[in-house]
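Read through the structure below, which is laid out as structure tokens, and then see the notes.
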Amino acid sequence: MNQKRLSPRLSELTFTSSALDGTTKVRVLLPRGYDAEKGRRYPVLYLYHGGGQSASSWTQDGAAEEITAGLPAIVVMPDAGSTEWYADWWNNGHRGRPMWETFHINRLLPWVDEHYRTIPERGARAAAGLSMGGFGAVSYAARHPDLFGAVGSFSGDVDHQNVQMRTIIEQLHPSLWGPWATQEVRWRGDNPWDLAANLAHTDVSLYTGNGRPRHDGEAVDPTEQRIRQENVSFHERLQDLGIRHRWHDYGPGSHTWPYWQADLRAWIPHLKSYFARHAQHRATPRSFTFSSIRPRYGAYGWTVRMRRDVTEFSALNVARQRRFTVVGNGSATVRTNSLARPGTRYRVTVRYHEGATARSVTADAQGRLTIPLVLGTGNPYQQYSPRAESSSTGPSPDDVPFHTRGNSSRFNRAEVTISPR
């Protein structure tokens, strides 16, 4: 890593990572007084750029240094490729580079916590971005809700069900998530709208204009009009799920820097207040729902490993500390968070539609329990695929916490209760 100081607060870092092709830039704004107050630790804001931009955009065009001058937080502004979105590329099944999520979440975030005086808690970590970066902020927060406590989206690309937007992305990068027609599940696996339930315990703020001119001489902006459609859809999805959020549909405004600057200015006081309330506390919910298409995922100290034949959603719902549900197919292995005394044996009761089973499980040295589950026969075809659509497997026996369409995929449920022996 190489570092260059650009101003008293601003530095530019250059990283080389196996997750990416070549080097990548990251800009960092330190809060006022950081060098003088050696014993003080700070929250972190990850601020993501939009399409056609770079790590320098928020400071060169977005006035981020001025706008964040009164924010007692470290601001990290990474590159994400000009138009490469914030995801690990599918690459037509070959995967591999570029892996932006791997770099941002698994490499950069721990590096920042190691090399700066941060408060490494979700209540002291936020993400925000504009347009493509709004997708990155909300999608990362939904994919990793245990890492980000607050998120701000400024004209964000938050719902790829929008035909115009996904057509643009497919034309730019056919191998990013693959063709929507055959790989819809991969798009939905990173799509904020589909992951909205994961944000139930996240402070979400959405800003959008409507593309109509605010001043004489301005033209109608079809990009912001399309983005508003996505934001309305996402806003309504959050409402349907009963998830409180801040909704700023401010009317006339275009997909340009003056409005993104205004959005950041409007959001910073709220973020400052959020950090003041939450930064010093471990903001881990006792109950939550987490959906994913990945074969292994985790949140808030829980992990799930799925074994199934096709790519599809599954979900973990933790109702309270010792009761949870897994929805999906095939088999699953769940490792709880630290909820038991190490070495203690517990009775685990698993209820399926066909009946119930019970067994004894011993807590490991960290107080975690590892519980294998057999969910049932899986679907024969990838979720949302044309073959799944034409070959109904029948409705699921219960509602599921993610989007389904018709009877094209069936899901099973296992309810688990843990009790002392």
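Evaluation of the ring pair (Phe, Tyr, Trp, His ring centres under 6.0 Å) test over residues 57-80, restricted to residues two or more places apart or in two chains, returns Trp58-Trp257.
Checked by atom type, the side-chain pair Trp100/Glu84 shows a donor-acceptor distance below 3.5 Å. Under 3.5 Å, the side chains of Thr59 and Arg27 contain a donor-acceptor pair of N or O atoms. Remark: the Gln161 side chain and the Asn191 side chain contain no N/O donor-acceptor pair separated by less than 3.5 Å. For the residue pair Asn92 and Ser175, no side-chain donor N or O sits within less than 3.5 Å of a side-chain acceptor on the partner. Side-chain contact, Asn162 with Glu230: no donor N or O sits under 3.5 Å from an acceptor N or O. Side chain to side chain, Ser131 and Asp157 fail the donor-acceptor criterion of an N or O pair below 3.5 Å. Using modelled atom types and a 3.5 Å distance limit, the side chains of Thr357 and Arg351 yield no donor-acceptor pair. Looking only at atom types and distance, the side chain of Trp85 has no donor-acceptor partner in the side chain of Asp190 under 3.5 Å away. No hydrogens or angles considered: nothing links the side chains of Thr208 and Arg228 as a donor-acceptor pair under 3.5 Å. No side-chain donor from either of Tyr346 and Thr362 sits under 3.5 Å from a side-chain acceptor of the other. At a cut-off of 3.5 Å, with distance as the only test, no side-chain donor of Tyr86 or His104 sits close to an acceptor on the other residue. No side-chain donor-acceptor contact under 3.5 Å links Ser54 and Asp79. His245 and Ser205 form no side-chain donor-acceptor contact under 3.5 Å, judged by distance and modelled atom types alone. Checked by atom type, the side-chain pair Asn210/Asp249 shows no donor-acceptor distance below 3.5 Å. Side-chain contact annotation: Glu65 with Ser7, donor-acceptor N/O pair under 3.5 Å present.
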Fill in: Check against salt bridge (charged side-chain N to carboxylate O under 4.0 Å, His left out), Arg125 and Asp113
CA-CA 11 Å; Arg125 193 181 293 118; Asp113 284 342; 3.0 Å; yes

Worksheet item: Could you walk me through whether Glu121 and Arg41 pass the salt bridge (charged side-chain N to carboxylate O under 4.0 Å, His left out) check?
Response: CA-CA 11 Å; Glu121 301 286 349; Arg41 306 187 76 84; over 6 Å; no

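A 4.5 Å side-chain heavy-atom check between Tyr140 and Tyr48 finds at least one atom pair inside the cut-off. Taking 4.5 Å as the limit, every side-chain heavy atom of Ser153 sits out of range of all side-chain heavy atoms of Tyr207. Leu130 places none of its side-chain heavy atoms less than 4.5 Å from the side chain of Ser155. For the pair Val416/Ile371, a side-chain contact is recorded, criterion being any heavy-atom separation below 4.5 Å from C-beta on. For the pair Thr404 and Tyr384, the minimum side-chain heavy-atom distance is 4.5 Å or more. With contacts defined as side-chain heavy-atom distances shorter than 4.5 Å, the pair Asp159/Phe135 does not qualify. Within the 4.5 Å cutoff, no side-chain heavy atoms of Thr417 are placed close to those of Arg322. Here the side chains of Val204 and Ile243 are not in contact, with every heavy-atom distance at 4.5 Å or above.
Between His235 and Trp247, the two ring planes are parallel [angle under 30°; tilted spans 30° to 60°]. Between Tyr250 and Tyr259, the two ring planes are parallel [angle under 30°; tilted spans 30° to 60°].
For Met77 against Ala55, the heavy-atom pair with the smallest separation is O-CB, 3.5 Å. The minimum heavy-atom distance linking Ala414 with Leu373 is given by the pair CB-CD1, 4.3 Å. The two residues Ala315 and Pro401 make their nearest non-hydrogen contact at CB-CG, 3.4 Å. Here the closest non-hydrogen pair linking Tyr34 and Ile74 is CE1-CD1, 4.1 Å.
Atom CZ of Arg323 has 12 or fewer neighbouring heavy atoms from other residues, nucleotides or ligands inside a 6.0 Å radius. Atom CZ of Arg277 has more than 12 neighbouring heavy atoms from other residues, nucleotides or ligands inside a 6.0 Å radius. Residue Asp309 qualifies as open at atom CG: its count of foreign heavy atoms under 6.0 Å is 12 or below. Atom CZ of Arg244 has 12 or fewer heavy atoms from other residues, nucleotides or ligands within 6.0 Å. The number of heavy atoms from other shown groups lying within 6.0 Å of CZ (Arg341) does not exceed 12.
With hydrogens and angles disregarded, no donor-acceptor distance shorter than 3.5 Å links the side chain of Thr303 to the backbone of Gly298. At least one donor-acceptor pair closer than 3.5 Å links the side chain of His173 to the backbone N or O of Thr83.
The cationic group of Arg237 lies under 6.0 Å from the six-membered ring centre of Trp193 and within 45° of the ring axis, placing it in a cation-pi geometry. A cation-pi arrangement, defined by a distance under 6.0 Å to the six-membered ring centre and an angle within 45 degrees of its axis, is absent between Arg117 and Tyr42.
A salt bridge links Arg188 with Glu184: the distance from a Lys NZ or Arg NE/NH1/NH2 to an Asp or Glu carboxylate oxygen falls below 4.0 Å. Using a 4.0 Å cut-off between charged side-chain N and carboxylate O, Arg107 and Glu114 make no salt bridge. Salt bridge Arg95/Asp88: absent, no basic N to carboxylate O contact under 4.0 Å. Under the 4.0 Å criterion applied to side-chain N and carboxylate O atoms, Asp194 and Arg186 are not assigned as salt-bridge partners.
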